[in-house]
Amino acid sequence: RRRRWRRAWEEGKLTTYLACYHPQFETDEMDYEGWKRYKQDLFGRSAKRTVQLSDVQVQANGSSAVATFRQRYQTAKHQDLGLKTLHLRRHKDHWTILKENWQPLSGQG
């Protein structure tokens, strides 16, 4: 599932990407509908993007799990490196992202 999410993000397949998110998804700033609008805008800005994940760790507990990893994101105009935490929950027999946090890792590369 992780590969599907990353690949859909890199390829700009918004529908597939959003299907990886739980209907009750939220960040500190927005709910699922806000996230959807935000990502539609971002996907429209750049046709090419690269998303690299490393140091992936997953802790599962029944129908929920937490995944943490280093994420390197790059487009022609932007790049960043950060620590991402995904809170996952089973929904319709699939793991979906319920909550997402990202923290920049400055000075590391």
Side-chain angles (χ1 to χ4, degrees):
R1 194 74 173 173
R2 178 182 80 224
R3 285 184 224 114
R4 179 180 177 208
W5 171 75
R6 185 189 57 80
R7 190 170 38 244
W9 192 4
E10 283 188 325
E11 295 173 358
K13 295 181 178 177
L14 185 63
T15 302
T16 302
Y17 176 81
L18 290 172
C20 295
Y21 287 83
H22 193 280
Q24 295 174 345
F25 171 80
E26 62 182 13
T27 67
D28 291 337
E29 297 86 27
M30 63 190 88
D31 63 5
Y32 178 84
E33 288 302 317
W35 184 254
K36 180 179 175 180
R37 287 188 300 275
Y38 171 68
K39 287 299 183 173
Q40 284 173 323
D41 180 53
L42 284 181
F43 276 46
R45 288 187 202 174
S46 177
K48 291 192 173 192
R49 63 193 62 76
T50 303
V51 181
Q52 296 174 325
L53 311 180
S54 60
D55 302 327
V56 178
Q57 298 179 22
V58 179
Q59 295 180 347
N61 184 8
S63 63
S64 64
V66 176
T68 57
F69 49 89
R70 288 170 49 117
Q71 174 184 289
R72 181 178 302 278
Y73 174 81
Q74 184 172 357
T75 67
K77 296 181 181 182
H78 177 79
Q79 67 178 8
D80 59 43
L81 174 67
L83 179 65
K84 183 159 278 188
T85 302
L86 301 178
H87 297 264
L88 307 164
R89 181 171 294 161
R90 299 286 292 175
H91 179 70
K92 296 184 180 179
D93 296 325
H94 294 98
W95 286 104
T96 57
I97 301 167
L98 181 64
K99 188 169 176 110
E100 180 172 316
N101 298 322
W102 182 83
Q103 177 180 358
L105 293 172
S106 59
Q108 298 186 27

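All residue numbers in this chain count up from 1 along the given sequence. Everything numeric here is computed off the predicted structure, so don't read it as measured data.
Residues meeting the salt bridge (charged side-chain N to carboxylate O under 4.0 Å, His left out) test with E26, sequence neighbours left out: none. With sequence neighbours left out, K39 forms a salt bridge (charged side-chain N to carboxylate O under 4.0 Å, His left out) with no residue at all. Remark: H91 engages H22 in a ring pair (Phe, Tyr, Trp, His ring centres under 6.0 Å) (not counting sequence neighbours). Applying the side-chain contact (heavy atoms from CB on, under 4.5 Å) criterion to D93, with sequence neighbours excluded, gives R90. Taking Y38 as the reference, W35 meet the ring pair (Phe, Tyr, Trp, His ring centres under 6.0 Å) condition, with sequence neighbours excluded. Applying the salt bridge (charged side-chain N to carboxylate O under 4.0 Å, His left out) criterion to D41, with sequence neighbours excluded, gives R45. For K36, the salt bridge (charged side-chain N to carboxylate O under 4.0 Å, His left out) criterion is met by no residue, not counting sequence neighbours. Considering only residues two or more places apart in sequence or on other chains, A65 meets the side-chain contact (heavy atoms from CB on, under 4.5 Å) condition with V58, A60, L88, W95.
Counting only residues at least two apart or in different chains, salt bridge (Lys or Arg N to Asp or Glu O under 4.0 Å) contacts with residues 9-20 comprise R6-E10, E11-K13. Residue pairs meeting the side chain to side chain donor-acceptor pair (under 3.5 Å) criterion with at least one partner in residues 73-85, sequence neighbours excluded, are Q71-K84, H78-D80, K84-E100. Residue pairs meeting the salt bridge (Lys or Arg N to Asp or Glu O under 4.0 Å) criterion with at least one member in residues 53-62, sequence neighbours excluded: D55-R70.
For T96 (side chain) and R89 (main-chain N/O), a donor-acceptor pair under 3.5 Å exists by modelled atom type.
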What's the verdict on side chain to side chain contact (heavy atoms under 4.5 Å, CB included) for F43 and L18, showing C-alpha distance, side-chain angles and the deciding distance? CA-CA 12 Å; F43 276 46; L18 290 172; over 6 Å; no
